[in-house]
Amino acid sequence: MSDDRRKLQSTARQMLEGELLFSDPFLPAGRNPLPPPAASAAGAPAMTAEERAAALQAMDVNEVRGCTKCRLHQGRTQTVFGEGSPTAQIVFIGEAPGEEEDRTGRPFVGRAGELLTRMITAMGLKRSDVYICNVVKCRPPGNRSPAADEADACRDYLLRQLQILAPAVLVTLGNPATQKLLDTPVGITKLRGQWQKLPLLIPGLGGIDVMPTFHPAFVLRQYTADVRSKVWADLQEVMARLNLPAPPRRKGAGL
Ligand code: SF4
């Protein structure tokens with residue numbers, strides 16, 4: 001078989017799988033086991049799950065919930081710290097809480113959140129296997145993107161969350177999260193699908209593998225086979241990096 005034909009077949013398969021990922025009947029029958037937590041980015045011995053959970057909760061309760069470091073505190077109903085496994089190997093990072101998140105105090109619970117959940121499920125995982133958070137912890141008015149000074153004010157919380165979690169992979173969702181974490185002006189369209197390394201943002205935090213991909217809200221707005229297959233390809237990269245096999249599909253949900 002020629003290289004061109006093989007490439008064409010691979011692209012077609014990718015697009016079909018992308019279609020399945022975002023279609024309702026797709027639910028994997030299996031669930032992927034995740035590897036145990038690694039040592040911290042600084043090489044220190046890994047904290048236990050209980051220690052990580054306690055450190056995250058202390059930051060949330062004692063610092064973030066009462067935070068007034070930027071103007072976003074004025075319009076929030078409540079802060080949205082993040083949620084998931086304290087020993088997560090994958091952290092998904094979005095931009096900012098939206099209306100539903102502001103109301104519930106949980107990240108990614110609106111329509112975009114439903115899509116993110118479906119993406120995680122397609123990887124053979126559950127939301128509780130991963131960790132999900134945003135660059136800023138308070139909802140910007142009118143769901144606008146956070147301003148640079150707002151993201152800067154909230155940066156310390158995010159970096160300390162990542163220090164505690166010490167994940168193997170970060171998946172940045174959309175432009176603001178990608179540019180903030182990678183400290184780059186390059187846009188998501190150029191960066192998505194290509195492995196990056198987290199720069200040394202603070203001592204002890206750097207070198208983590210980063211996979212930039214489109215934000216689920218963008219996917220909902222641009223609901224094309226091309227966009228969906230690109231996101232699925234990015235998630236498959238993450239699965240390959242963590243040695244997670246493609247989960248078997250339920251009967252009747254396949255091609
Ligand atoms: S967005 Fe972050 S820095 Fe700004 S008030 Fe909320 S918690 Fe504080």
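One-based numbering, in listed order, for ligands and for the atoms of each.
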Ile208/Lys197 under side-chain contact (heavy atoms from CB on, under 4.5 Å): CA gap, chis, key distance, verdict | CA-CA 6 Å; Ile208 300 174; Lys197 285 278 182 204; over 6 Å; no
Protein-derived N, O or S atoms lying under 2.8 Å from atom 4 (Fe) of ligand 1, waters excluded | 1
Output yes when a side-chain donor or acceptor of Asp60 lies under 3.5 Å from a complementary backbone atom of Leu56, and no otherwise.
-> no
Leu200 meets the side chain to side chain contact (heavy atoms under 4.5 Å, CB included) criterion, sequence neighbours left out, with none
For residues 62-111, pull every pair meeting ring-ring contact (aromatic ring centres under 6.0 Å, His included), keeping only residues two or more places apart or in separate chains.
-> Phe108-His215
Check salt bridge (Lys or Arg N to Asp or Glu O under 4.0 Å) between Lys190 and all other residues, then give those that pass, not counting sequence neighbours.
-> none
Classify the side-chain pair Asp129/Ser85 by whether it contains a donor and acceptor separated by less than 3.5 Å.
-> no
